[in-house]
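Positions are given from 1 along the sequence. Both ligands and their constituent atoms are indexed starting at 1 by order of listing.
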Amino acid sequence: RSSVALDDFYGLEPLYTAEERRLRDTMRAFVAAEILPHIGDWWQREHFPPHLPRALGELGLLGVSLPKAYGGQGASHTAYGLVCQALEYGDSGLRSFLSVQSSLVMYPLYKYASETLQKRWLPPLATGEAVGCFALTEPHGGSDPSRMKVTARRVGGEYVLSGHKRWSTNGLIADLAIVWAKEEGSDQVVGFAVETRSEGFEARGIPGRASLRASVSSEVFLHEVRVPAENKLAVEGLRGPLSCLNAARFGIAFGALGAGYACFDEARRYVAERELFGESLAHKQLVQAGLADMLAELTKGSLLAYHLGRLKEAGQDTPARVSLAKRDNVRAAQRVARTARDLLGGNGILTEHASIRHLLNLESVATYEGTDAVHTLVLGREITGHNAF
Ligand code: TGC
């Protein structure tokens, strides 16, 4: 057997900086000790571990790519991606918490909020003492946020927010919500930092999910919530929320591979031990074909993610480039998880094994932050110049 590491088949390791490796390894050690022994049970019970935000904050793993003065580590975008991947090795729902906190809450505060808001919120969000959520999608659908119905009406020195948002990760446990609304009068999309203890702010869980069960998926009701005008973010139009989604999608392009690698590792262990027709499954040609496909998917996805990271650090992460990586790396992870589930046979449907959990989680990962279809059409528009949404 070759001595080449199967989790780094094309030798990317020397291309990462010492800091990128340090942050990734910190997350890997945390996931091995604190997540893997419990996640099957948490997922079954629809339980999000309440200590997770502070634990990750103490390790300096929230908002890592933001400058140090803004609560981050001043680390590279690649470091952020690797942190997402290491956490998603544990569970996509837990990685969703980190994506929302880092890319959808800390990032817009860093990019678009007043200094006062930044000073108030970025430090506790970085330590995990505060949790944030992002309220963009509405019950009528998520793919066309330009048709959102939530409104923001200016009344003196305040805005009054009204309407209903859905699929906000962390909503029920959040202290701060980044809420996107249409401003009455201008009809522009605008964003607000909204304290969730504000009168009229209500969050509810979304029970009955067969996916991301360890994540706090929520609905958000805005019953005439009054927000100081200073809490309005300094960005207008869809560019605001889409720039945040772009940052989160980047993390998912890395993150989904973590779920894939977890399934690959599980399948390799299983086929080495499980016997069929008098020998281990690892001897079987079809099993080896499945493993070869998994290795190829993960290796290609890792190369894509690595290069996207370096493009982002050079300021060349166009939305279409991010769309390609988000779409194709999630597809890769889905194929890997499905193959792993299959190789585990009947046992593969048990949640004591990770593959079925990852497979079901990835159904959401393929849908949120831009569906597979939306990213396909972003690429179609890039190729043809025609908008086919
Ligand atoms: P268009 O009207 O042409 O452009 C609007 C403005 O946005 C800019 N832009 C982007 N900026 C940054 N990143 C991107 N990916 C961007 N895409 C577009 C664009 O340059 C323009 O700027 P400006 O300054 O010229 O006004 O809009 P479009 O035609 O490009 O977009 C259409 C479409 C369908 C691609 C877009 O609406 C889209 O991406 N839709 C999917 C939205 C989505 O991902 N929704 C699900 C979010 S996940 C969720 O809600 C749960 S929240 C997370 C959680 O809590 O788990």
Margin query: Looking at E58 and R54, is there a salt bridge between them, counting it only when a charged N and a carboxylate O are closer than 4.0 Å?
Written below: no
Check: Could a heavy atom of S96 be found less than 4.0 Å from some atom of ligand 1?
Finding: no
Item checked: Min N/O separation S143 to ligand 1 under 3.5 Å -> yes
Check: If you group Ile, Leu, Val, Met, Phe, Trp and Tyr by side-chain heavy-atom gaps below 4.5 Å, do V155 and V150 land in one group?
Finding: no
Next item on the list: Among all protein heavy atoms, pick the one closest to atom 55 (O) of ligand 1 and tell me residue, atom and distance.
Entry: T169 N, 2.8 Å
Check: Considering only heavy atoms of L104, which atoms of ligand 1 have at least one such atom less than 4.0 Å away?
Finding: 53 (C)
Item checked: Residue that, paired with I356, satisfies side-chain contact (heavy atoms from CB on, under 4.5 Å) out of L344, T351, L350 -> T351
Next item on the list: Mind running salt bridge (Lys or Arg N to Asp or Glu O under 4.0 Å) on K284 and E279 for me, showing each step along the way?
Entry: CA-CA 9 Å; K284 304 295 180 190; E279 58 189 355; 2.9 Å; yes
Margin query: Less than 4.5 Å apart, side chain to side chain, heavy atoms only: is that true for T371 and V374?
Written below: yes
Checklist line | From R147, R249, R321 - option closest to atom 39 (O) of ligand 1 by heavy atom | finding: R249
Item checked: Cationic N near anionic O, under 4.0 Å, R335 to E297 -> yes
Margin query: Among T137, V216, T371, V374, which one puts a heavy atom closest to atom 47 (C) of ligand 1?
Written below: T137
Next item on the list: Distance to 0.1 Å, residue and atom name: give those for the protein heavy atom nearest to atom 28 (P) of ligand 1.
Entry: R381 NH1, 3.7 Å
Note to self: As an exercise, identify every atom of ligand 1 less than 4.0 angstrom from a heavy atom of W167.
What the structure shows: 51 (C), 52 (S), 54 (C), 55 (O)
Next item on the list: Kindly compute the distance separating CD (Q334) from CG (N329), expressed to the nearest 0.5 Å.
Entry: 11.5 Å
Check: Of Q188, M148, K149, which meets side-chain contact (heavy atoms from CB on, under 4.5 Å) against K182?
Finding: M148
Notebook entry, point to check: With a 4.0 Å cut-off on heavy atoms, is G237 touching ligand 1?
Noted result: no
Checklist line | Working for side-chain hydrogen bond (donor to acceptor under 3.5 Å, both in side chains), residues E19 and S76 | finding: CA-CA 9 Å; E19 185 181 50; S76 68; 5.9 Å; no
Margin query: Distance under 4.0 Å to a non-hydrogen atom of V100: what atoms of ligand 1 satisfy this?
Written below: 54 (C), 55 (O), 56 (O)
Checklist line | Residue and atom name of the nearest protein heavy atom (relative to atom 37 (O) of ligand 1), distance in Å to one decimal | finding: P145 CD, 3.5 Å
Checklist line | atom 4 (O) of ligand 1: the protein heavy-atom neighbour that sits closest, reported with distance to 0.1 Å | finding: L242 CD1, 4.6 Å
Next item on the list: Give a yes or no on whether atom 19 (C) of ligand 1 lies under 4.0 Å from any heavy atom of the protein.
Entry: no
Notebook entry, point to check: Honestly, is R197 close enough over F201, meaning NZ or CZ under 6.0 Å from the six-membered ring centre and within 45° of the axis?
Noted result: no
Margin query: Among all the protein's non-hydrogen atoms, which is closest to atom 21 (C) of ligand 1, and how far away is it?
Written below: R239 CB, 4.7 Å
Next item on the list: Only heavy atoms count here, so choose which of G370, G142, A247 is nearest to atom 42 (C) of ligand 1.
Entry: G142
Next item on the list: Evaluate the ring planes of F221 and H223, with Trp represented by its six-membered ring, and classify them as parallel (under 30°), tilted (30 to 60°) or perpendicular (over 60°).
Entry: parallel
Note to self: Just to confirm my output: which protein heavy-atom neighbour is closest to atom 1 (P) of ligand 1, and how far is it?
What the structure shows: L238 CD1, 4.8 Å
Margin query: Heavy atoms only: which of L245, L377, D317, V378 lies closest to atom 43 (C) of ligand 1?
Written below: L245
Check: What do you reckon, does D144 put a non-hydrogen atom under 4.0 Å from ligand 1?
Finding: no
Check: Protein heavy-atom contact under 4.0 Å for atom 25 (O) of ligand 1?
Finding: no
Item checked: Check: S168 N/O within less than 3.5 Å of ligand 1 N/O -> no
Next item on the list: Anything under 30° is parallel, anything over 60° is perpendicular, the rest tilted; go ahead and classify Y306 against Y16.
Entry: perpendicular
Checklist line | Parallel, tilted or perpendicular: ring planes of F250 versus Y80, cut at 30 and 60 degrees | finding: parallel
Item checked: atom 35 (C) of ligand 1 [closest protein heavy-atom partner, distance rounded to 0.1 Å] -> F389 CZ, 3.6 Å
Item checked: Which residue and heavy atom of the protein sit nearest atom 15 (N) of ligand 1, plus the separation -> N246 OD1, 3.1 Å
Check: If we only count heavy atoms from C-beta on, is the D328 to H375 side-chain gap below 4.5 Å?
Finding: no
Notebook entry, point to check: For Y368, is at least one N or O under 3.5 Å away from an N or O on ligand 1?
Noted result: no
